[in-house]
Amino acid sequence: MPAITVENVLVLPRVSDPGPAAPERSVVSVTTAPSGFEGEGFPVRRAFAGVDLRHLDPFIHMDQMGEVEYAPGEPKGTPWHPHRGFETVTYLLDGTFRHQDSNGGGGLITNGDTQWMTAGSGLLHIEAPPEELVASGGLFHGFQLWVNLPRSLKMADPRYQDIRAGQVSLLTSPDGGSLIRVIAGDLDGHPGPGVTHTPITLIHATLEPGAQLRLPWREDFNALVYTLAGSGFVGAKKQPVRLGQLAVFGSGGALTIEAAPQQESRSPKLDVLILGGQPIREPIAAYGPFVMNTKAELMQAFEDFQAGRLGTIPAGHGPGL
Ligand code: MN
């Protein structure tokens with residue numbers, strides 16, 4: 001799991017300890033992501049399955065893609081498909097993925113890079129491994145998160161951001177036992193590079209075995225912790241979590257994650273995604289690739305897609321690639 005790492009975390013700025021007075025967030029639920037397949041058949045874990053949307057708000061959906069070791073000829077992507085009404089955030093830990101959209105956005109992301117696509121009023125896009133990776137096979141691991149847009153921004157112009165691994169803000173904990181990568185938003189006054197319509201914080205943290213990470217967390221944000229690899233504990237009551245599990249936290253000003261002292265040799269550290277955002281608190285009408293406020297808007301999205309109003313596949317590409 002390379003993403004981005006540093007040789008000596010002790011040279012990094014430290015996140016301040018929230019202090020004993022900060023109200024600790026308790027753990028509301030821990031759920032296990034079921035496995036499935038996406039697009040043309042790449043393995044995913046549905047991180048948010050079975051969790052009430054009100055607890056996830058402003059997040060809608062998240063897939064952990066892999067981790068999978070592909071044989072030559074095996075890597076798969078998605079065909080061209082539309083989106084409207086939200087933003088997709090794709091973060092790659094291992095491997096390479098190519099994006100292209102009908103609005104002119106796109107590019108290649110690899111170890112530790114992020115692609116941030118605001119679908120807004122709508123576009124078509126394709127997400128696929130590049131030809132070299134299809135030929136060679138290899139390791140592939142990442143995630144894709146869907147961030148909702150409020151009613152006032154659902155029809156905003158599409159936008160595309162490439163965030164390179166080297167732009168991510170790197171921090172450590174007071175005890176130096178954690179590497180904290182701030183991809184978007186802000187943690188304790190340290191901003192990450194991602195620019196978001198909906199205020200959120202998105203972090204990938206790696207904890208050494210036995211390390212404890214207690215973070216100050218904005219009280220107006222929700223808090224979710226998803227385990228990408230390894231095992232550990234969450235909350236003051238030290239609820240156990242492992243690969244593929246999502247912890248939903250209640251309200252408060254601090255959250256605690258701890259890595260188990262013994263980890264499996266295959267994944268020697270605890271890797272987590274820590275997410276929080278300002279709830280939008282609007283009705284959600286979601287179906288397939290569209291996330292709107294009402295059923296009428298969903299039907300309009302399908303109608304616009306079928307009429308070609310969300311864009312067309314650029315020349316040189318077949319319908320399914
Ligand atoms: Mn998509």
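Every number for a ligand or one of its atoms is a count from 1 in the order of the listing. Values below: all heavy atoms of this structure, side chains included; hydrogens, waters and symmetry mates excluded. By convention here, the first residue in the shown sequence is residue 1.
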Visitor: K269 and E264: salt bridge (Lys or Arg N to Asp or Glu O under 4.0 Å), yes or no, with the steps?
Guide: CA-CA 8 Å; K269 299 177 185 183; E264 279 179 39; over 6 Å; no
Visitor: For E127, what is the atom name of its N, O or S atom nearest to the Mn ion (ligand 1)?
Guide: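 Distance check against the Mn ion (ligand 1) picks out OE1 in E127.
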Visitor: Considering just N/O/S atoms, say which atom of H83 is closest to the Mn ion (ligand 1).
Guide: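 Result: NE2.
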Visitor: For F290 and H83, I'd like to know if the aromatic rings sit close, meaning centre-to-centre distance below 6.0 Å.
Guide: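 Between H83 and F290, which both carry aromatic rings, the centre distance is not below 6.0 Å.
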Visitor: Relative to the Mn ion (ligand 1), which of the N, O or S atoms in H125 is the closest?
Guide: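 Of the nitrogen, oxygen and sulfur atoms in H125, the Mn ion (ligand 1) lies nearest to NE2.
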Visitor: Over 60° means perpendicular and under 30° means parallel, so classify the ring planes of H61 and W146, tilted if in between.
Guide: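 Taking H61 first and then W146, their aromatic rings sit tilted (interplane angle of 30° to 60°).
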Visitor: Of V225, T201, L145, I200, which meets side-chain contact (heavy atoms from CB on, under 4.5 Å) against L275?
Guide: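 Exactly one option meets the side-chain contact (heavy atoms from CB on, under 4.5 Å) with L275, and it is L145.
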